[in-house]
Amino acid sequence: MMTEKMLSALNPEQRDAVCHEGSPLLILAGAGSGKTRVITTKIAWLIRERSVDPASILAVTFTNKAAREMAERAKALDERAASAVIRTFHSFGAWFMRRNAALADADSGFTIYDDTDSVTLLSKAVPDLARNRTASLVHRISRAKDYCLEPDSPKLDIIDPDPEFRRIYGLYQQRLRETGNLDFGDLIMLPVKILRENEEVRRRIRQRFTVILVDEYQDSNVAQFELLRALTGENTYLCVVGDDDQSIYRFRGAEVQNILSYPEQFLNTTVIRLERNYRSVKPILAVADQVVRNNKGRLGKTLLAQRPGEKKPVLLFLHDQDEESAFCAQLIQDAVQKGGHWADWAVLYRTNAQSLGFETEFLHRQIPYRVVGSLKFYEREEIKDALAFLALAVNPRNSVAFHRVVNKPARGLGAVTQDKIVEEARRSLYAAGTGAGDGAENSGSIIDACSRMLGSLSTKAQGGLTEFLHIMASLNAALENAEPGDTLAVFIEKLIDCTGLGEYYRAEDEIAGSQRMANLQELMNGAALYPLSREGLVQFLEHIELDRSMEQQEESADSVTLITIHNTKGLEFPRVIMTGMEAGIFPRDDKDPSELEEERRLCYVGITRAKDELYLTSCASRRLYGKTAPMRPSLFLEEMEPASIEVIGMDPWKMRSRQHRDDGLSGQRPRDLWSPGQKLFHDDYGYGIIQKTCYTDGEFVVTVQFEYGEPRRFMPKYQGHSLLRVKDDEF
DNA sequence: GACAGTGAAATTTTT
DNA sequence: TTTCACTGTC
């Protein structure tokens, strides 16, 4: 495509952003304002018009989906963009650490521990810790890493001032280094550390990447900010894109402050705002704004609808979640029957657990659907087992993997024996370090430790351990003796067979009717894309650890999308149903007002995914942990102007002939009961009239001018019987 | 050390 | 409703 043509597809602000150069740039890009187009066009423009070497462009995103899409679109604009490095923060961190692992005491063949693995590791390091306490400690450790704080950082007190936490964090890090592995936090924190301490590495990487582009900057955490700082030298062009209203990962350490204070952190910053929205019709943007404007901590911007269309969002009050899923199914089926596509539709929910009802209903009605982002697959026992064998084959110091599989299926090797072996491996690690030990090949390998410990075990344990060693040896042999063209699928097939996992799970499938062998088969299919070699294995594991979305299925398939609101970030759909709009579900009941603001931003993100039609469903009751509980409509529904939405009540017995009626519920909303102009009588203040109303921290507040004195603000909800509404002619 | 049985808790959101 | 941690028995 010609550069001219490429640029003429942009509006003036977008063009400014693409052609800007010479100083740091902050693009404040509202939802649907074409920011991906700006970034990808910028990449192409830099390559063409400024002769920038594509390989020296680094573009970081937050999710794998976003990275894939960006890479594809950039390539479509200019083939050469294929050489640009377009990755998620974590995948960039892994890329960096593969090359510099030694500088941080890690093994370049490291695997990445997820939270569960971390809990296992910590509970082994500090055995007398209660399980749930371990989990909460791991959570705080990972939070500390989000802030780039090490065990000896003075500022660690921000996370937890208890010196015990410091000690445990230190112990955890030590154990993690002993395994040669990294956790998610390390993938950001360690590169920062290496770049800070090592001038040569810093110089080289700054030479390598002269252009750095960051997407979804509002969701970056402090460690990611520090990483950008470290990567950015005098000659680096840094451009970040983000939207403070879409910051939804604070719970995970994201720091909105990063985007708010960017101009102070990077001097001479140019700020460009993109407020033209090309995605949604006006009535959808209107309710999005009505909700998000209740937040205080925001820069504030107004989206301008560029697309024609006047269909108002539809709010449906339903009886319960069964009716909710039936309604969604029916709505979608009707639309498809009229000629629409399944893929036009997305069903959004707050928590993954809510997908179940929809899945059941859709299966029943044979509606094609795909569930995005549910991690269930890789959390399955059999999958974790197989992966642990793979991880152990790659890195024999991986103690978490060892504990998981050494006795699976049961070989008579209990916790005591396992701990003995791991202790021996640790001993050898330090012995090798001092040169007094058993030689380099013994530097912490648990497999080697097994051989050494064989003699000192009971006969039963000896038998089991010999069997285990045999398994590991034959796995390693399979890796070494690969035929050209063999894929990892062959390896996993062998693994399933020789480890006994196959026999074990086949038996369970027969007894319990489970699908475990089928899942292992699925894992094999995924592995078929990788060559049978150590490198292939490392790549496969990294891919799984960093991207669990199971996106192998053809995206072209025409199917309904079931997805959590968090996962919709960056996506759009012609028709969106936001389900479970009930107090306690969405927003979750939180006492902290700042968390409510985050929920509200999440609601904003959900609404602004819709292009043409938006539906909101709210149930009167819902089954929660086996009990049916009465529900009330979400606060966010109240924040929408009644005139901006169409409210429909649904008769569950007449699903096929939908009838519209004015639902009584809308009359009960506080903003309808207490609206400006309403006259009222208060026991203490006498007669008055409502001047204005608003929501503050989620509470409905009215401002009233009484006959005497200054206007007063209060919450009708807490006035009880001392406050009465009176008719217009009463005073 | 394996495993069945019991009781209790628990439910965000993701790289 | 499901999952998980813990206990007691073999």
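The sequence lines fix the lettering, A, B, ..., with proteins before strands; numbering per chain opens at 1. Being a predicted model, the structure only gives us computed values, none of them experimental.
Bracketed by its first and final contacts, the part of DNA chain C lying under 4.0 Å from non-hydrogen atoms of chain A reaches from C/dT1 to C/dA5 in 5' to 3' order.
No engagement by A/Arg623 is indicated, since no non-hydrogen atom pair under 4.0 Å with the nucleic acid exists. Within the nucleic acid shown, A/Phe89 has no heavy atom closer than 4.0 Å to any nucleic acid atom. Among the protein residues, A/Asn407 comes within range of the sugar-phosphate backbone only, with heavy atoms under 4.0 Å from sugar or phosphate atoms but none that close to a base. At the heavy-atom level, A/Leu602 lies nowhere under 4.0 Å from the strands shown.
In the set B/dG1, B/dT14, B/dT11, B/dT11 carries the atom at the smallest distance from any side-chain atom of A/Tyr625. Of all nucleotides listed (B/dA2, B/dT12, B/dT14), B/dT14 comes nearest to the side chain of A/Arg252. Picking from B/dT15, B/dT13, B/dT11 the nucleotide with the shortest atom distance to the side chain of A/Arg588 gives B/dT11. Looking at the side chain of A/Arg350, the nearest of the listed nucleotides B/dG1, B/dT15, B/dT12 is B/dT12.
A salt bridge is absent between A/Lys35 and A/Asp243: the closest approach of a Lys/Arg side-chain nitrogen to an acidic carboxylate oxygen does not fall below 4.0 angstrom. Salt-bridge formation is detected for the pair A/Glu324/A/Arg622: a Lys NZ or Arg NE/NH1/NH2 atom is positioned less than 4.0 Å from an Asp or Glu carboxylate oxygen. For A/Asp186 and A/Arg177, the salt-bridge test passes: some basic side-chain N is under 4.0 Å from an acidic carboxylate O. Taking a cutoff of 4.0 Å between a charged side-chain nitrogen and a carboxylate oxygen, A/Lys408 and A/Glu381 qualify as a salt bridge.
Comparing A/Gly414 and A/Ile248 by the nucleotide of DNA chain B that holds the closest heavy atom to each, the one mapping nearer the 5' end is A/Gly414. Each of A/Thr417 and A/Glu598 was matched to the nucleotide of DNA chain B holding its nearest heavy atom; the match closer to the 5' end belongs to A/Thr417.
The interatomic distance linking A/Leu356 (CG) with B/dT12 (P) rounds to 17 Å, in whole Å. When the C1' atom of B/dT14 is taken as reference, atom NZ of A/Lys569 falls 10 Å away, rounded to whole Å. When rounded to the nearest whole Å, the span between CG of A/Asp183 and P of B/dT14 equals 19 Å. Following rounding to the nearest Å, A/Met97 (CE) and B/dT15 (C1') show an atom-to-atom distance of 16 Å. Taking atom CE on A/Met189 and atom C1' on B/dT15, their separation rounds to 15 Å, with Å as the unit. To the nearest angstrom, C1' of B/dG1 lies 14 Å from CD1 of A/Ile421. Following rounding to the nearest Å, A/Ile563 (CD1) and B/dT13 (P) show an atom-to-atom distance of 13 Å. Rounded to an integer number of Å, the gap from NZ of A/Lys65 to C1' of B/dT15 is 12 Å.
At B/dT14, one or more side-chain N or O atoms of A/Asn352 fall inside 4.0 Å of OP1 or OP2 (strictly under the cut-off). OP1 or OP2 of B/dT14 has at least one side-chain nitrogen or oxygen of A/Thr564 nearer than 4.0 Å.
Every residue meeting the side chain to side chain contact (heavy atoms under 4.5 Å, CB included) condition with A/Arg252, not counting sequence neighbours, appears here in chain and number order: A/Phe62, A/Tyr249. Applying the ring pair (Phe, Tyr, Trp, His ring centres under 6.0 Å) criterion to A/Phe89, with sequence neighbours excluded, gives no partner residue.
Rounded to the nearest Å, the gap between the C1' atom of B/dT12 and that of C/dA5 is 22 Å.
In summary, the aromatic rings of A/Phe358 and A/Tyr369 are positioned with their centroids too far apart to meet the 6.0 Å limit.
Aromatic stacking is not marked for A/Phe62 over B/dT15, as the cut-offs of 5.5 Å for the centres and 30° for the planes do not both hold.
Side chain to side chain, A/Gln354 and A/Thr351 meet the donor-acceptor criterion of an N or O pair below 3.5 Å.
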